[in-house]
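Worth saying up front: this structure is predicted, and the values here are computed from it rather than measured. Whatever order the structure lists them in is the order used to number ligands and atoms, beginning at 1. In this chain, residues are counted from 1 in sequence order.
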Amino acid sequence: MAINIRNSEAPIREFRLGAISGYNGTVTDLVEKSSGCSLKNRERCFSQSTSCSAGCAQGYLSGIIDAAIINHAPVGCAADAIYSNVTNKWGNSIRDWKHKNIHFASTNLNEQDTVFGATGKLRQTIEEIYQRYHPKVIFVTTSCVSGIIGEDIQSTLDELADDIPVPLVPVFCEGFKSKVWASGFDAAFHAILTGVVKPPEKKTNFVNMINFRGSARKEIIEMFAQFGVEPLFVAPFSTVEQLSRVSESAATVSICGTLGSYLGNGLEQEYGVPYVKSLQPHGVAGIKSWLRGLGQAIGKETEVEAYIAKEEERIAPALEKLRAKLRGTKAVVGMGPSYGHNYIRVLNELGIEVIWGATWHYDQQYDHGALPESVKHVAQTQKDLPISVCDQQNFEIINLLNRLRPDIYISRHSGSAMWANKLGIPSIPIIDEYTAFGFNGLISFGQRIHDTLTNRSFAKNLAKRTRLPYTDWWMKQNHFALLEEAAE
Ligand code: SF4
């Protein structure tokens, strides 16, 4: 399904990409059933709390330097803003920038508003936020409540267009609409594509680098300079003016396939900016595939091959030593689908055996209509690998970890990683998206795993002092006992 920027909202992932949040099987079965998007979701008869699309959308957009976010919602929906502010401060600090808070407000919908409507409150909040911060764009994010009561957000923004001299952009990301919180990233990118990006006036030598916090920006600037291009980091820590010009770039790459699919494919489709649809740049196979895709897009294949050959040779001795130390280690992976499938490959490169891969959802295709490269790669190299899909249901993950007892659990979310430690299983949360990035990242990630495995006292002591909230009954059940059969 092509991306339609004439529509006010992005269709959710379940509809657009055949995304599912319930599955248990092998990677080969998953890939085979994905052909033609025929894989069926398996519902749960019980589920714990999880994330929501609105949190994803507003967290991502709030990182744009001169933007403001208004969440048209009860104030509880803005709880994630605290985390967004913390990561924003971290991002400021690694750039040696002055600490500043994100510009985020809630319209604080109450019971009365759900009966009588609250577009007046929204209007007032927009006027106040503009006066207070003078942002270059105001994004208005929706919520379950504003969606259910049918608030006419677009008309309110249209009415204010003459009074507020910056784009007022709706972000349709009601949590109830999708079980896949990454639908929120698409809602955010749809808002950027429709409300911020301008048609190109010229071509530049920038390469759009879709990412989160950009900790490896120095390394990427130096790497790209060897190919005569400069990164334009999208979207956190960039200005609205910079983002408005992404249509002029020479190519788009992404640190994460889940994150980058919508904007990358949208820019290619609308403005002819090639989107690199490779493995993600983690580990050796990942960085090679990613750089080759970039080299092809910008006509620098020779330079890229020379860089790869030099770097691969440089890290070979260190990688060999690490493999010798880590060989025989058994790991379980629990992450979003792009990171999960890419990190299974990265761990294999380090000599580690992955015995289970759990991902928080699964896209049967990306927006260019093809299966993600990363899952294809895992299916080719580890065809019987058990794979499960759950929207970070900790009761399933804890049960699974308790049964498998791996040497280490590698997760992308600290909320999941901590539970492994409470079971006495050392874990690493991959908070920084550039962990294991490229050649150097692979070596430092391997060293971090080795450090974690050789000092297990944190997990051991935590497990000794923790009482798990689950009963013995549950721990003895099959971890997917509450997953229902797929509907025919
Ligand atoms: S948008 Fe819905 S799911 Fe998300 S935090 Fe608000 S009420 Fe919860």
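The proximity of Cys52 to ligand 1, defined as any non-hydrogen pair under 4.0 Å, is limited to the side chain.
The aromatic rings of Phe445 and Tyr343 stand perpendicular to each other, their planes meeting at an angle above 60°, with 30° marking the opposite boundary.
The single protein non-hydrogen atom nearest to atom 6 (Fe) of ligand 1 is Cys77 SG, 2.2 Å, given as residue, atom name and distance.
Inter-residue side-chain proximity for Ile425 and Pro406 is flagged as met; some heavy-atom pair is nearer than 4.5 Å.
Inspection of the Gln48 and Asn394 side chains reveals no N or O donor paired with an N or O acceptor under 3.5 Å.
Considering Phe139, Tyr60, Tyr262 in turn, Tyr60 is the only one that fulfils the ring-ring contact (aromatic ring centres under 6.0 Å, His included) rule with Phe189.
Listed by atom number, the atoms of ligand 1 under 4.0 Å from Gly175 heavy atoms are 1 (S), 3 (S).
Atom 2 (Fe) of ligand 1 is approached by the protein to below 4.0 angstrom, counting heavy atoms only.
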